[in-house]
Amino acid sequence: EGEIWSFFPRRYLLITVGVVFIKAGQVSRKDILKDLVEMCRGVQHPLRGLFLRNYLLQCTRNLLPDAREEEAGVDKGKDGIVQDSVDFVLLNYSEMNKLWVRIQHQGHSREREKREKERQELRILVGTNLVRLSQLEMVDVRLYRRSVLSGLLEQIVSCRDPIAQEYLMECIIQVFPDEFHLQSLGEFLQTCGELHQKVNVKNIVIALIDRLAAYASRTDSPGIPNDIQLFDVFSEQISVIIHSRTDMPPEDIVSLQAALINLALKCYPDRVDYVDKVLRYTAEIFAKFAEGLVESFH
């Protein structure tokens with residue numbers, strides 16, 4: 001046991017030394033960051049691993065490369081570029097999420113509620129990775145869609161954990177700019193349809209609708225770009241989600257459709273036909289729902 005405890009603080013010390021080396025500028029910043037994040041794999045205890053990786057993230061927050069490839073100059077191989085920072089944080093995020101999810105499967109089944117409460121208290125440690133990605137100034141829409149969002153969503157879907165999926169999807173909505181959400185609506189909403197059945201997808205979709213509706217109605221907002229059919233994308237994806245979740249409560253369906261009407265009124269005030277479309281579709285859904293109830297009694 002003594003060897004384990006002497007091994008664990010050594011990791012913190014190595015991170016501190018690595019940060020000093022980066023600040024001294026004598027060695028490759030990119031290589032040290034890569035070595036540090038890989039080194040943390042040696043701690044697989046969920047709680048200890050989470051706090052170690054959080055320490056790594058805090059120590060390196062002002063040291064992450066944040067230059068585009070064309071602006072990095074001759075030392076880009078040594079200093080790194082913004083893509084290196086994205087790769088570093090995504091790997092740390094992926095490993096932290098795995099550790100966070102593993103807490104759920106430790107101990108006796110009767111302590112499940114206690115573990116869920118503990119996980120809710122620790123979630124900000126994982127979410128900090130997303131905050132760090134959002135703070136990289138050289139991440140543009142193209143890089144966000146190609147690397148950042150795709151990396152985040154891949155881990156969210158693959159973990160198959162309702163608590164992690166719901167929290168991390170909400171984090172994405174909160175921390176990244178409205179312009180990024182507008183340009184990546186399809187990918188995000190398609191992922192909503194792939195989430196665990198226990199995830200409250202309604203809350204996630206409504207949070208995104210409300211944010212973009214507020215963005216469109218701001219006085220300093222340029223509005224929704226003409227090439228983005230915001231209402232059509234949401235309408236189509238919400239329909240897919242409702243059909244893929246046969247056990248979705250009627251009140252959740254109503255809430256989603258009400259949010260869609262709110263979006264239409266705020267973003268397209270002249271398109272009354274959008275409101276009519278939502279009401280008509282909602283009536284069709286509940287007509288089929290009523291038919292199913294009648295058949296179940298026969």
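This structure is a prediction, so every number in the text was calculated from the model and none was measured.
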request  = For Gln190, enumerate each residue passing the side-chain hydrogen bond (donor to acceptor under 3.5 Å, both in side chains) test, keeping only those at least two apart in sequence or located in another chain.
outcome  = none

key: Non-hydrogen side-chain atoms of Arg112 and Glu116 separated by less than 4.5 Å   = yes

key: Side-chain touch Leu133/Val175, heavy atoms, less than 4.5 angstrom   = no

task = Specify the closest pair of heavy atoms between Pro65 and Leu136, including all atoms of both residues, with the distance to one decimal.
result = O-CD2, 4.2 Å

query = Atom CG in Asn129, atom CE in Met96: separation rounded to 0.5 Å?
reply = 5.5 Å

Arg11 and Leu56, any side-chain heavy atoms less than 4.5 Å apart = no

ask   = Can you check side chain to side chain contact (heavy atoms under 4.5 Å, CB included) on Met169 and Val199, steps first, answer last?
value = CA-CA 10 Å; Met169 292 294 277; Val199 172; over 6 Å; no

message = Enumerate the salt bridge (charged side-chain N to carboxylate O under 4.0 Å, His left out) contacts for residues 242-251, please, sequence neighbours excluded, ordered by first and then second residue.
response = none

key: Joint hydrophobic cluster, Ile173 plus Ile163, side-chain heavy atoms closer than 4.5 Å   = yes

Any pair counted as side-chain hydrogen bond (donor to acceptor under 3.5 Å, both in side chains), so long as it reaches residues 161-177, sequence neighbours left out = Arg119-Asp161

query = Are any non-hydrogen side-chain atoms of Val148 and Phe180 less than 4.5 angstrom apart?
reply = no

Could you list the donor-acceptor pairs under 3.5 angstrom formed between side-chain atoms of residues 227-241 and any protein atom two or more places apart in sequence or on another chain?
| from | atom 1 | to | atom 2 | distance (Å) |
| --- | --- | --- | --- | --- |
| Gln229 | NE2 | Asn226 | O | 3.2 |
| Ser239 | OG | Tyr281 | OH | 2.9 |

task = May I have all residue pairs that pass ring-ring contact (aromatic ring centres under 6.0 Å, His included) and include part of residues 22-49, sequence neighbours excluded?
result = none

Of all pairs that satisfy side-chain hydrogen bond (donor to acceptor under 3.5 Å, both in side chains), the ones with a partner from residues 264-276, not counting sequence neighbours = Arg271-Asp273, Arg271-Tyr274

task = Would you mind reporting whether Leu185 and Leu212 have side-chain heavy atoms less than 4.5 Å apart?
result = yes

request  = Please identify each residue that fulfils side-chain hydrogen bond (donor to acceptor under 3.5 Å, both in side chains) with Ser94, with sequence neighbours left out.
outcome  = Gln155

task = Scan for ring-ring contact (aromatic ring centres under 6.0 Å, His included) pairs involving residues 202-228, sequence neighbours excluded, and state none if there are none.
result = none

note = Looking only at heavy atoms, the pair that brings Pro46 and Ile103 closest together is CB-CG1, 3.6 Å

ask   = Under a single-linkage definition using a 4.5 Å side-chain heavy-atom cutoff for Ile, Leu, Val, Met, Phe, Trp and Tyr, are Leu279 and Leu263 assigned to the same hydrophobic cluster?
value = yes

ask   = Out of curiosity, Leu152 CG to Tyr93 OH, how far, rounded to the nearest 0.5 Å?
value = 5.0 Å

request  = Tell me whether Val43 is reachable from Val17 by hopping between hydrophobic residues (I, L, V, M, F, W, Y) whose side-chain heavy atoms are closer than 4.5 Å.
outcome  = yes

ask   = Would you say Asp66's side chain and Met138's backbone share a donor-acceptor pair under 3.5 angstrom?
value = yes

task = Quick one: list whatever passes side-chain hydrogen bond (donor to acceptor under 3.5 Å, both in side chains) with Thr16, sequence neighbours left out.
result = Tyr55

query = Between atom CG of Leu256 and atom CD1 of Ile261, what is the distance when rounded to the nearest 0.5 Å?
reply = 11.5 Å

ask   = Would you say Ile172 and Leu208 make side-chain contact, with heavy atoms under 4.5 Å?
value = no

query = Are Val141 and Leu189 joined in one hydrophobic group, where the rule is that I, L, V, M, F, W and Y side chains link up if heavy atoms are under 4.5 Å apart?
reply = yes

query = So do the side chains of Leu33 and Asp84 get within less than 4.5 Å of each other, counting heavy atoms only?
reply = no

key: Qualifying salt bridge (charged side-chain N to carboxylate O under 4.0 Å, His left out) pairs, either residue in residues 86-108, two or more places apart   = Arg41-Glu95, Glu95-Lys98

inquiry  = Assigning hydrophobic clusters by single linkage (Ile, Leu, Val, Met, Phe, Trp, Tyr; side-chain heavy-atom cutoff under 4.5 Å), is Val254 placed with Leu265?
reply    = yes

request  = Starting at CD1 of Ile224, measure out to CG of Leu182 and round the result to the nearest 0.5 Å.
outcome  = 4.5 Å

inquiry  = Test side chain to side chain contact (heavy atoms under 4.5 Å, CB included) on Leu91 and Glu38; report intermediate values, then the result.
reply    = CA-CA 9 Å; Leu91 177 56; Glu38 290 286 352; 3.6 Å; yes

message = Restricting to non-hydrogen atoms, name the atom on Cys171 and the atom on Gly127 that form the minimum distance, rounded to 0.1 Å.
response = SG-CA, 4.3 Å

message = How close do Ala259 and Ile206 get, counting heavy atoms only, and between which atoms?
response = CB-CG1, 3.8 Å

ask   = Which atom names give the shortest non-hydrogen contact between Gly193 and Ser244, and what distance separates them?
value = O-OG, 4.3 Å

query = Of all heavy-atom pairs between Leu50 and Leu99, which one has the smallest distance, and what is that distance?
reply = N-CD1, 3.8 Å

ask   = Between the main-chain N or O of Val37 and the side-chain N or O of Arg53, is there a donor-acceptor pair closer than 3.5 Å?
value = yes

ask   = Taking only residues at least two apart or on different chains, which pairs with a member in residues 192-220 satisfy salt bridge (charged side-chain N to carboxylate O under 4.0 Å, His left out)?
value = Asp178-Arg211, Asp178-Arg218, Lys202-Asp252, Arg218-Asp220

query = Has the side chain of Arg29 got a donor or acceptor atom that lies under 3.5 Å from a matching backbone atom of Ile22?
reply = no

inquiry  = To the closest 0.5 Å, what do you measure between CD1 (Ile81) and CG (Leu64)?
reply    = 13.5 Å

task = Fit a plane to each ring of Tyr144 and His181, take the angle between them on a 0 to 90° scale, and name the class: parallel (under 30°), tilted (30 to 60°) or perpendicular (over 60°).
result = perpendicular

remark   = So the salt bridge (charged side-chain N to carboxylate O under 4.0 Å, His left out) pairs with at least one residue in residues 132-154 (sequence neighbours excluded) are Arg145-Glu187

ask   = Between Glu118 and Lys114, is there a side-chain N and carboxylate O pair less than 4.0 Å apart?
value = no

inquiry  = Once rounded to the nearest 0.5 Å, what's the spacing between atom CG of Leu57 and atom OG1 of Thr128?
reply    = 6.5 Å

ask   = When you look at Leu195 and Ile156, which way does the side chain to side chain contact (heavy atoms under 4.5 Å, CB included) test go after all the steps?
value = CA-CA 8 Å; Leu195 300 178; Ile156 289 172; 3.9 Å; yes

key: Working for salt bridge (Lys or Arg N to Asp or Glu O under 4.0 Å), residues Glu113 and Lys117   = CA-CA 6 Å; Glu113 289 185 9; Lys117 182 180 178 182; over 6 Å; no

key: Side chain to side chain, Asp35 and Met39, heavy atoms closer than 4.5 Å   = no

